[in-house]
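Reviewing the structure listed below.
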Amino acid sequence: MRDLQHLYYFERLLEDANNELVREAKAEGRLCIGSVCYQVPEVLLNLPGTFGVRLRAPRTGSMEMGTYYLTSFLCEYSRALLERALEGGYQFLDCMMGIDACTMINRCIENMELLETMKNNNEKFFFQYLEVPMKCDDNGLFLYEGQCREKILTPLKEVFGVDVSDEAIRKAVEEHNKVCRLITEIGNFRKEEKPRITGYEFHIICLCTYVCPKDKLIPLLEETLEELKTREPDEKTPFRARVAVVGSEIDDVDMIKLIEDSGAYVCADRFCYGSLPGRQEIILNDDEDLITQICRQYMEDCMCPRHMDTPKMNRRREYVDEIAKEYKADGIIYEQMKFCDPWAYERMVGSHVLREEYGYPVLTIDRPYAVGNSGQIRTRVQAFVESMEIKKIQGGKNNG
């Protein structure tokens, strides 16, 4: 296939947290709000004069200082973020929205504050910590709504004078929905028998929507969608199997590239920073309170193991089954970052259920934050692809 016109630019945007579009927005006088989790509703960060950025630590090398403060038993994502903060890599932020979705990322943000890593030119800089629900019910929604008002909207208005009116929020939702529609349409090409976009290309494009001002990205997404409509897929696909990748945070483009270089086409992305969920439109009505509606949809769409009620746990496996069928996956790769407690349990149970009850071939991977060119993971994915091919020849399903 011919190269996508903007792919190289998208790749460059992911090389630095303080990327070109972030710098452009900052030069225009806009406030940059950092977050670390899907459960901080990003539409509430993209208000007049503000934009949200999900934190990453691209090109991570040594994590010695992050490990010193957080120990080697915390996930590498939290350590990599703290390391980058200590290096001064997030000085472009104007405030930081932490969250208690897991204790590790909570400790990471707390250390950023205690170690005074955000000594930038904005003397109004502040940290906030949101408590998010563990159950998807009315009590959880009440908590969630209150936290979003108290920890996001109120300080933005009081400290920076940000417009947090319903009109401003509805405009942010419209922009969010436009991005979601574009990403969904681009992602739908992955369902084709001969896909005209690779999982690696899609991951790069989708990832940019989390780390760049959305209004500056929309024209590029629109052009990319139009380009894909006439892009001719390769007559002979280089992939030997289709897989859905499920699990914890992936902002490392090398992870998807490694999987695809090993012969498995990544047709669906059910992981943090992916589009399933994460890029669903927010449908509003005129009858209910606006924040209630937004929080309910984020809470109901969330597929994070933070939610521990039985209906939510069962729903997470049903959802993987649904997207595997919709995107025609031959198997599932269940991944987690090493020492990620919530996803460690979810991976163990989820992979068993999807294999034994739903009949999918499943590969489980315990991985570092920066995968690089891991020979061990490559070998395991290659063996998984071969096992799926053998089962297809035999006319059965992989139970191993």
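Numbers here are sequence positions counted from 1. Scope of the values below: all heavy atoms of this structure, side chains included, with no hydrogens, waters or symmetry mates.
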For this session: Please lay out, stage by stage, how Arg196 and Asp234 fare under the test salt bridge (charged side-chain N to carboxylate O under 4.0 Å, His left out).
Result: CA-CA 8 Å; Arg196 65 188 76 187; Asp234 291 333; over 6 Å; no
Problem set entry | Exercise: identify the closest heavy-atom pair between Gly350 and Arg317 | CA-NE, 4.0 Å
Exercise. Counting only N and O atoms by type, is there a donor-acceptor contact under 3.5 Å from the side chain of Arg59 to the main-chain atoms of Asp16?
Worked result: no
For this session: Please check if atom NZ in Lys135 has more than 12 non-hydrogen atoms from other residues, nucleotides or ligands closer than 6.0 Å.
Result: no
Exercise. To the nearest 0.5 Å, how far apart are CG in Leu14 and CG in Asp251?
Worked result: 9.0 Å
For this session: Please answer whether the main-chain N or O of Cys267 pairs with a side-chain N or O of Lys191 as donor and acceptor at a distance below 3.5 Å.
Result: no
Exercise. Name the one of Glu346, Arg347, Arg367, Glu249 that satisfies side-chain hydrogen bond (donor to acceptor under 3.5 Å, both in side chains) with Gln336?
Worked result: Arg347
Exercise. Atom SG of Cys108 and atom CD of Glu83: how far apart are they, to the nearest 0.5 Å?
Worked result: 11.0 Å
Problem set entry | Counterpart residues, side-chain hydrogen bond (donor to acceptor under 3.5 Å, both in side chains), relative to Lys338 (two or more places apart) | none
For this session: Begin from the C-alpha positions of Leu276 and Gln280 and carry the test side-chain contact (heavy atoms from CB on, under 4.5 Å) through to its verdict.
Result: CA-CA 8 Å; Leu276 302 167; Gln280 282 71 41; 4.2 Å; yes
For this session: Determine whether more than 12 heavy atoms belonging to other residues, nucleotides or ligands lie under 6.0 Å from atom NZ of Lys171.
Result: no
For this session: Kindly indicate, with the supporting measurements, whether the criterion side-chain contact (heavy atoms from CB on, under 4.5 Å) is fulfilled by Glu281 and Thr184.
Result: CA-CA 10 Å; Glu281 293 186 56; Thr184 299; over 6 Å; no
For this session: Consider only side-chain heavy atoms of I, L, V, M, F, W and Y, link residues closer than 4.5 Å, and tell whether Met313 and Val349 are in one cluster.
Result: no
For this session: Flag yes if Tyr298 and Leu143 sit in one hydrophobic cluster, no otherwise; membership is Ile, Leu, Val, Met, Phe, Trp, Tyr, and two members link when side-chain heavy atoms are under 4.5 Å apart.
Result: no
Exercise. Are Lys194 and Glu235 close enough for a salt bridge, meaning some N to O gap below 4.0 Å?
Worked result: yes
For this session: State yes or no: are the ring centers of Tyr38 and Tyr273 separated by less than 6.0 Å?
Result: no
Exercise. Which atoms form the tightest heavy-atom contact between Ala172 and Val43, and what is the distance?
Worked result: CB-O, 3.3 Å
Problem set entry | Lys257 NZ: over 12 foreign heavy atoms closer than 6.0 Å | no
Seminar exercise, completed: In short, Val211 meets Val22 closest at the heavy-atom pair O-CG2, 3.6 Å
Seminar exercise, completed: Nearest heavy-atom approach of Phe160 to Asn122 is CE2-ND2, 3.6 Å
For this session: Using atom types as modelled and distance alone, determine if a side-chain donor or acceptor of Arg79 lies under 3.5 Å from a backbone N or O of Leu70.
Result: no
For this session: Take Lys216 and Glu28, measure what salt bridge (charged side-chain N to carboxylate O under 4.0 Å, His left out) needs, and give me the verdict at the end.
Result: CA-CA 12 Å; Lys216 294 183 176 294; Glu28 295 167 0; 2.7 Å; yes
For this session: Output yes when a side-chain donor or acceptor of Asn19 lies under 3.5 Å from a complementary backbone atom of Leu21, and no otherwise.
Result: yes
Problem set entry | Shared hydrophobic cluster for Ile109 and Met63 (ILVMFWY, side-chain gaps under 4.5 Å) | no
Problem set entry | Interatomic distance, Ile105 atom CD1 to Cys37 atom SG [nearest 0.5 angstrom] | 8.5 Å
Exercise. Are any of the side-chain nitrogens in Arg30 or Asp215 under 4.0 Å away from the carboxylate oxygens of its partner?
Worked result: yes
Problem set entry | For the student: nearest non-hydrogen atoms of Leu363 and Arg380, plus distance | CD1-NH2, 3.4 Å
Problem set entry | Heavy atoms of other groups near Glu288 CD, more than 12 under 6.0 Å | yes
Exercise. Shared ILVMFWY cluster between Tyr9 and Ile218, side chains joined below 4.5 angstrom?
Worked result: yes
Exercise. Side-chain heavy atoms under 4.5 angstrom apart, residues restricted to Ile, Leu, Val, Met, Phe, Trp, Tyr: same cluster for Tyr8 and Met1?
Worked result: no
Problem set entry | Arg149 to Tyr144 six-membered ring, cation-pi geometry met (6.0 Å, 45°) | no
Seminar exercise, completed: Note: Leu93 and Met118 closest approach over all heavy atoms is CD1-CE, 4.0 Å
Exercise. Is there a donor-acceptor pair under 3.5 Å between the side chain of Arg242 and the backbone N or O of Tyr327?
Worked result: yes
For this session: Answer yes or no: is there a donor N or O on one side and an acceptor on the other, between the side chain of Arg84 and the main chain of Leu81, under 3.5 Å?
Result: no
Exercise. Looking only at atom types and distance, does a side-chain atom of Lys325 sit under 3.5 Å from a main-chain N or O of Val320, one as donor and one as acceptor?
Worked result: no
For this session: Decide yes or no on side chain to side chain donor-acceptor pair (under 3.5 Å) for Asp261 and Tyr200, but give the supporting numbers first.
Result: CA-CA 10 Å; Asp261 286 346; Tyr200 171 73; over 6 Å; no
For this session: Kindly write out the residues that satisfy side-chain hydrogen bond (donor to acceptor under 3.5 Å, both in side chains) with Glu110, not counting sequence neighbours, or none if the list is empty.
Result: none
Problem set entry | Side-chain donor or acceptor of Asn111 paired with backbone N/O of Arg107 under 3.5 Å | yes
Seminar exercise, completed: Separation between CD (Glu335) and SG (Cys340), nearest 0.5 Å, reads 9.0 Å
For this session: Decide yes or no on side chain to side chain donor-acceptor pair (under 3.5 Å) for Asp100 and Asn106, but give the supporting numbers first.
Result: CA-CA 5 Å; Asp100 72 344; Asn106 210 10; 5.6 Å; no
Seminar exercise, completed: Output for pair (Cys75 SG, Met337 CE), nearest 0.5 Å, gives 6.0 Å
For this session: Decide side chain to side chain donor-acceptor pair (under 3.5 Å) for Asn285 and Gln293; before the verdict, give the C-alpha distance in whole Å, the side-chain angles of both, and the deciding distance to 0.1 Å.
Result: CA-CA 8 Å; Asn285 60 56; Gln293 294 182 66; 3.3 Å; yes
Exercise. Between His203 and Phe10, does the ring centroid distance fall short of 6.0 Å?
Worked result: no
Exercise. Can Arg315 and Met303 be said to form a side-chain contact (heavy atoms from CB on, under 4.5 Å), step by step?
Worked result: CA-CA 8 Å; Arg315 176 61 190 145; Met303 293 292 158; 3.9 Å; yes
For this session: Look only at the side chain of Lys214 and the backbone of Thr209, and say whether a donor-acceptor pair between them is shorter than 3.5 Å.
Result: yes
For this session: Would you check, one step at a time, whether the test side-chain contact (heavy atoms from CB on, under 4.5 Å) holds for Glu192 with Ile197?
Result: CA-CA 9 Å; Glu192 298 176 328; Ile197 186 171; over 6 Å; no
For this session: Kindly determine whether Lys178 and Glu222 satisfy salt bridge (charged side-chain N to carboxylate O under 4.0 Å, His left out), including the steps that lead there.
Result: CA-CA 10 Å; Lys178 189 168 187 177; Glu222 291 174 334; 3.4 Å; yes
For this session: Would you kindly check if the NZ (Lys) or CZ (Arg) of Arg270 is within the cone defined by 45 degrees around the ring axis of Tyr319 and under 6.0 Å from the six-membered ring centre?
Result: no
Exercise. Looking at OH of Tyr77 and CE of Met104, how far apart are the two atoms once the value is rounded to the nearest 0.5 Å?
Worked result: 14.0 Å
For this session: Verify, without hydrogens or angle tests, whether Glu15 (side chain) and Pro58 (backbone) share a donor-acceptor contact under 3.5 angstrom.
Result: no
Problem set entry | Glu185/Arg181 salt bridge by N-O under 4.0 Å criterion | no
